[in-house]
Amino acid sequence: MTSSAATKLKKPGREFNPNTFLATIGEGRKNLRVGKKQAIFAQGDEADAVFYIQSGKVKLTVVSKTGREATIGMLGEGNFFGEGSLAGQALRMGSAAAMTDCELMRVDKKAMKQALHREHAFSDLFVAYLLARNIRYEEDLVDQLFNSSEKRLARVLLLLAHFGKDGVPEAVLPKISQETLAEMVGTTRSRVSFFMNRFRKLGFIHYAGGLEGGLQVHSSLLNIVLHD
């Protein structure tokens, strides 16, 4: 789902900023502005680059052979995606689209590999990011196997709001459809609607600007996740 791995790594006397470093690599990089809901790449496209999110939010999805779509991640500023291209992935296994207006840096596969070899701090940060993503995928699998849909929804909302990441929650999440939440949780839209109404009545969440506005998630939602 969402990933918020650290984007700065300490070096002696200073902080390493991947955005600043990537801006210096010369050929093979390109800054992109992608409008809300626009596609970044599609499932089956050539996997020839890695992307770094400078601002905005990106949704990753995959479609099965039978046409069923699932949301597998929502990423924000400081996150990478498309890294499968570095591991021999010839074609994109899923699609990426902008949830909000985004500023991205597209780095060609060759240039990215050279950058990883050139700067150890960047390589360390990138490996730490990939390990954090892998841990999240394992946690998601355990969540799907052992937790109820209500707990899974609560966990997804807390992760989207970045609870537990430096103790700073995101004030208001961009509007996310119940269909998207159902895809992420692995349940039906009607079940998501039922639980969202319950969470709202209990004061765990509220909609900024009404039901059509952004979503604010409160730490009290942890009660659902922790309750046996």
Will you find, in the side chains of Gln54 and Asn19, an N or O donor that is under 3.5 Å from an N or O acceptor? yes

Could you tell me which non-hydrogen atom of Ala98 sits nearest to which non-hydrogen atom of Val34, and how far apart they are? CB-CG1, 3.9 Å

Please determine whether residues Leu32 and Met112 belong to a single hydrophobic cluster, defined as Ile, Leu, Val, Met, Phe, Trp and Tyr linked transitively by side-chain heavy-atom distances below 4.5 Å. yes

Hey, is CZ on Phe21 packed in by over 12 heavy atoms from elsewhere, all under 6.0 Å? yes

Please assess Glu150 against Arg191 for the test salt bridge (Lys or Arg N to Asp or Glu O under 4.0 Å), listing each intermediate value before the final yes or no. CA-CA 8 Å; Glu150 182 181 29; Arg191 293 292 285 168; over 6 Å; no

Rounded to the nearest 0.5 Å, what separation is found between the NZ atom of Lys59 and the CD atom of Glu183? 6.0 Å

To the nearest 0.5 Å, tell me how far Ile25 CD1 sits from Glu119 CD. 12.0 Å

Tyr129 side chain near Asn79 side chain, heavy-atom distance below 4.5 Å: yes

Report yes if the side chains of Lys57 and Glu77 come closer than 4.5 Å at any heavy-atom pair, otherwise no. no

After noting the C-alpha distance and the side-chain angles of Val156 and Leu181, does the key distance pass the side-chain contact (heavy atoms from CB on, under 4.5 Å) rule? CA-CA 8 Å; Val156 164; Leu181 288 173; 4.2 Å; yes

Counting N and O atoms only, with roles assigned by atom type, does the side chain of Gln38 sit under 3.5 Å from a partner on the main chain of Gly35, one being a donor and the other an acceptor? yes

Write down the atom of Leu22, the atom of Arg29, and the distance for their closest heavy-atom approach. O-CD, 2.9 Å

Test side-chain contact (heavy atoms from CB on, under 4.5 Å) applied to Ile176 and Leu215, step by step: CA-CA 8 Å; Ile176 302 172; Leu215 180 69; over 6 Å; no

Just how far is it from atom OG of Ser148 to atom CZ of Phe195, taken to the nearest 0.5 Å? 6.5 Å

Are the side chains of Val217 and Leu160 in contact, using a 4.5 Å heavy-atom criterion? no

side-chain contact (heavy atoms from CB on, under 4.5 Å) between Glu138 and Val142, intermediate numbers included: CA-CA 6 Å; Glu138 289 182 354; Val142 171; 5.7 Å; no

Same apolar cluster (I L V M F W Y, side chains within < 4.5 Å links), Leu202/Leu157: yes

Is the ring pair Phe199/Phe204 parallel, tilted or perpendicular, if the boundaries are 30 and 60 degrees? tilted

If you compare all heavy atoms of Gln89 against all heavy atoms of Arg92, which two are closest, and at what distance to 0.1 Å? OE1-CA, 3.8 Å

Smallest separation among heavy atoms of Thr24 and Thr20, with atom names: CG2-O, 3.3 Å

Leu141 reachable from Phe146 in the ILVMFWY side-chain graph, under 4.5 Å edges: yes

I would like to know whether Phe126 and Phe80 meet ring-ring contact (aromatic ring centres under 6.0 Å, His included); could you show each step before the answer? CA-CA 8 Å; Phe126 191 69; Phe80 296 91; 5.0 Å; yes

Pair up each side-chain donor or acceptor in residues 40-50 with any protein partner under 3.5 Å, not counting sequence neighbours, and list the distances.
| residue | atom | partner | partner atom | Å |
| --- | --- | --- | --- | --- |
| Gln43 | OE1 | Val63 | N | 2.8 |
| Gln43 | NE2 | Val63 | O | 3.0 |
| Asp45 | OD2 | Ala42 | N | 2.8 |
| Asp48 | OD1 | Arg106 | NH2 | 3.1 |
| Asp48 | OD2 | Arg106 | NH2 | 3.2 |

CZ (Arg33) with more than 12 external heavy atoms under 6.0 Å: no

Flag the pair Leu60 / Val58 as yes when at least one side-chain heavy-atom distance between them is below 4.5 Å, and no otherwise. yes

Would you call Arg155-Asp140 a salt bridge at under 4.0 Å N-O? yes

Within-4.5 Å side-chain heavy-atom neighbours: Lys30 and Met105: no

Nearest heavy atoms of Ile53 and Leu75, plus distance in Å: CD1-CB, 3.7 Å

Report the distance from atom CG of Asn17 to atom CZ of Phe122, rounding to the nearest 0.5 Å. 11.0 Å

With rounding to the nearest 0.5 Å, note down the distance linking CD1 in Ile205 to CZ in Arg200. 7.5 Å

For the residue pair Lys36 and Met99, establish whether any side-chain heavy-atom pair is separated by less than 4.5 Å. no

Supply the atom-to-atom distance Thr61 OG1 to Met184 CE, rounded to the nearest 0.5 angstrom. 11.5 Å

With a 4.5 Å heavy-atom cut-off, do Leu116 and Leu86 have their side chains touching? yes

Residues Leu221 and Ala154: closest non-hydrogen pair is CD2-O, 3.7 Å

Do Leu130 and Val127 come close enough that some side-chain heavy atom pair is under 4.5 Å? no

Is it true that a side-chain atom of Ser55 and a backbone atom of Cys102 form a donor plus acceptor pair closer than 3.5 Å? no

Between Thr180 and Ser177, is any side-chain donor less than 3.5 angstrom from a side-chain acceptor? yes

